[in-house]
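Notes to accompany the following structure.
What you are looking at is a predicted structure, and each value in this text was computed from that prediction instead of being measured.
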Amino acid sequence: MNKEARIWYLFNSGFAVETQKYFIIFDYYMDTPARQPRTMDTGVICPEEIPNKKVLVFSSHSHSDHFNPIILNWRSKIKDIKYILSSDISAPTAGDTVFVSPGNHYDVDDIGIDVFDSTDIGVSFFVHIDGITIFHSGDLNWWHWKGENEKYNKDMASAYKKQINMLKGKHIDIVFIPVDPRLEEFYTLGLDYFMTTVGAQRVFPMHFGNNYAMFEALKRDIASKEYISKVVDITHRGQSFTYTPDEFN
């Protein structure tokens with residue numbers, strides 16, 4: 001089996017991943033292209049551009065920066081499409097839609113999906129697809145805010161660690177994980193705990209807005225020095241990357 005994957009950064013927590021048999025999309029929301037024309041290389045999903053493969057569309061929760069109802073219009077343009085939506089999302093029930101909840105396993109075609117909780121609302125996804133494992137965190141993160149009280153931040157740390165600890169011992173090829181510079185000096189807490197507890201072959205930071213300078217700071221940050229070589233350097237919407245597991249064996 002060809003385990004190579006191609007990944008596009010769409011914006012915020014939005015990514016597209018093409019594998020041997022599938023084209024999957026996570027947390028799509030910004031449908032305005034970074035520039036014209038409208039193509040995947042400008043950060044938007046154009047159904048006519050999608051390869052002739054099975055399409056799975058994931059949305060981790062109902063926040064407007066993770067779920068755009070426009071995704072539901074794609075079913076009229078894509079022959080083989082299924083939606084994997086967090087149960088907090090309000091969308092019509094249809095035969096091509098699976099509403100998921102934390103703590104459950106779902107089989108969709110030959111794809112295995114384990115659903116984990118979030119430290120905000122909604123869920124996170126652990127996906128087994130075409131011999132590749134992908135973890136998309138949604139808004140599962142160690143959200144340590146300076147403005148919150150000590151109890152809130154302690155409870156947040158505990159809730160985050162509980163979910164990540166359940167991934168111990170699992171092989172993860174690709175992780176999409178929040179590294180949010182709004183957390184100031186605490187922006188790497190979630191990433192660092194994930195990488196030292198679970199690890200992944202390739203790390204795609206997300207939820208950083210337009211602050212691409214964060215990647216340079218991350219390279220200089222002593223907290224990430226042990227795994228920085230695995231962190232992908234994202235510079236713009238629509239940027240694409242190739243992942244080949246053999247590179248890391």
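- Checked against a 6.0 Å centroid threshold, the rings of His66 and His136 do not count as neighbours.
- Side-chain contact check for His105 versus Asp107: some heavy-atom pair is nearer than 4.5 Å.
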Report the C-alpha distance between Ile134 and Phe176 in whole Å, list the side-chain angles of each, state the deciding distance to 0.1 Å, and finish with yes or no for side-chain contact (heavy atoms from CB on, under 4.5 Å). CA-CA 8 Å; Ile134 300 170; Phe176 302 112; 3.6 Å; yes

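- A 4.5 Å side-chain heavy-atom check between Ile71 and Tyr29 finds every atom pair outside the cut-off.
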Begin from the C-alpha positions of Trp8 and Phe23 and carry the test ring-ring contact (aromatic ring centres under 6.0 Å, His included) through to its verdict. CA-CA 11 Å; Trp8 288 262; Phe23 191 88; 5.8 Å; yes

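- Using a 4.5 Å cut-off between side-chain heavy atoms of Ile, Leu, Val, Met, Phe, Trp and Tyr, with links allowed through other members, Ile25 and Val98 fall into different hydrophobic clusters.
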Dump the intermediate steps for side-chain contact (heavy atoms from CB on, under 4.5 Å) on Phe126 and Ile172, then the final yes or no. CA-CA 9 Å; Phe126 183 37; Ile172 296 180; 3.8 Å; yes

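- Between the side chain of Tyr28 and the backbone N or O of Ile45 there is at least one donor-acceptor pair closer than 3.5 Å.
- A donor-acceptor contact shorter than 3.5 Å is absent between the side chain of Ser13 and the backbone of Asp27.
- Residue Asn52 places its CG atom among 12 or fewer non-hydrogen atoms of other residues, nucleotides or ligands, all under 6.0 Å distant.
- Atom CD of Glu150 has 12 or fewer neighbouring heavy atoms from other residues, nucleotides or ligands inside a 6.0 Å radius.
- For the pair Asp180 (side chain) and Phe208 (backbone), a donor-acceptor distance under 3.5 Å is absent.
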When you look at Arg75 and Asp96, which way does the salt bridge (charged side-chain N to carboxylate O under 4.0 Å, His left out) test go after all the steps? CA-CA 9 Å; Arg75 57 165 55 104; Asp96 59 8; 2.8 Å; yes

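- Considering Tyr9, Tyr243, Phe135, Phe241 as possible partners of Phe204, the one that fulfils the ring-ring contact (aromatic ring centres under 6.0 Å, His included) test is Phe241.
- Linking ILVMFWY residues whenever their side-chain heavy atoms come closer than 4.5 Å, directly or via other members, leaves Met30 and Trp74 in distinct clusters.
- No donor-acceptor distance shorter than 3.5 angstrom exists from the side chain of Lys146 to the backbone of Phe186, with no hydrogens or angles considered.
- The nearest pair of heavy atoms linking Pro178 to Trp143 is CB-CH2, 4.3 Å.
- Side-chain atoms of Thr133 come within 3.5 Å of backbone N or O of His171 as a donor-acceptor pair.
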Side chain to side chain donor-acceptor pair (under 3.5 Å) between Tyr106 and Asp114, intermediate numbers included: CA-CA 6 Å; Tyr106 302 84; Asp114 293 296; over 6 Å; no

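- Looking at every heavy atom in both residues, Phe67 comes nearest to Ser59 through CD1-OG, 3.5 Å.
- A donor-acceptor pair under 3.5 Å is formed between the side chain of Thr39 and the backbone N or O of Asp41.
- Within the 4.5 Å cutoff, the side chain of Ser124 has no heavy atoms near those of the Val115 side chain.
- Contact detail for Ser86 and Gly122: the closest heavy-atom pair is OG-CA, 3.4 Å.
- Listed for the Thr196 side chain is a donor-acceptor partner under 3.5 Å among the backbone atoms of Asp192.
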Start with the C-alpha distance between Lys82 and Asp109, add both sets of side-chain angles, then the distance that settles salt bridge (charged side-chain N to carboxylate O under 4.0 Å, His left out), and finish with yes or no. CA-CA 10 Å; Lys82 291 185 173 68; Asp109 294 338; 3.5 Å; yes

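- Between Glu18 and Lys53 there is a salt bridge, since at least one side-chain N of the basic residue sits less than 4.0 Å from a carboxylate O of the acidic one.
- A donor-acceptor pair is defined here as one N or O able to donate and one able to accept, closer than 3.5 Å; such a pair exists between the side chain of Asn149 and the backbone of Lys151.
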Give the C-alpha distance, both sets of side-chain angles, the deciding distance and a yes or no for side-chain contact (heavy atoms from CB on, under 4.5 Å) between Asp120 and His63. CA-CA 10 Å; Asp120 195 333; His63 285 167; 3.5 Å; yes

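- In the hydrophobic clustering of this structure, Met40 does not group with Ile234; members are Ile, Leu, Val, Met, Phe, Trp, Tyr whose side-chain heavy atoms approach within less than 4.5 Å, directly or through other members.
- In this structure, Asp31 pairs ionically with Arg38, as a charged nitrogen and a carboxylate oxygen lie closer than 4.0 Å.
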What's the verdict on side-chain contact (heavy atoms from CB on, under 4.5 Å) for His61 and Ser118, showing C-alpha distance, side-chain angles and the deciding distance? CA-CA 9 Å; His61 61 288; Ser118 174; 5.9 Å; no

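- Within the 4.5 Å cutoff, the side chain of Val127 has heavy atoms near those of the Phe26 side chain.
- Looking at Lys162 and Asp117, no side-chain N of the basic residue comes within less than 4.0 Å of a carboxylate O on the acidic one, giving no salt bridge.
- Side chain of Asp88 to backbone of Ser62: a donor-acceptor contact under 3.5 angstrom is found.
- Using a 4.5 Å heavy-atom threshold, the side chains of Ile24 and Val57 count as separate.
- By the 4.5 Å heavy-atom criterion applied to side chains, Arg202 and Val175 are not counted as neighbours.
- Two different hydrophobic clusters hold Ile111 and Leu85 under the rule that ILVMFWY side chains link at heavy-atom gaps under 4.5 Å.
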Please determine whether side chain to side chain donor-acceptor pair (under 3.5 Å) holds for the pair Asp110 and Tyr22, giving the CA-CA distance in whole Å, both sets of side-chain angles, and the decisive distance to 0.1 Å. CA-CA 10 Å; Asp110 56 352; Tyr22 287 88; 2.3 Å; yes

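- Salt bridge present: Asp233 and Lys219 bring a charged side-chain N and a carboxylate O closer than 4.0 Å.
- With Arg237 contributing its side chain and Asn12 its backbone, the two residues share no donor-acceptor pair below 3.5 Å.
- Ile121 is not listed as a side-chain neighbour of Asp139, based on a closest heavy-atom distance of 4.5 Å or more.
- Ile84 is not listed as a side-chain neighbour of Thr97, based on a closest heavy-atom distance of 4.5 Å or more.
- Of all the heavy atoms in Ser240 and Arg6, the pair that sits closest is OG-NH2, 3.2 Å.
- The two residues Ile177 and Gly190 come nearest to each other via the heavy atoms CD1-O, 4.0 Å.
- Side-chain N/O atoms of Asn141 and Tyr193 include no donor and acceptor closer than 3.5 Å.
- A single hydrophobic cluster is not seen to contain both Phe99 and Phe116; linkage of ILVMFWY side chains at heavy-atom distances under 4.5 Å, directly or through other members, places them apart.
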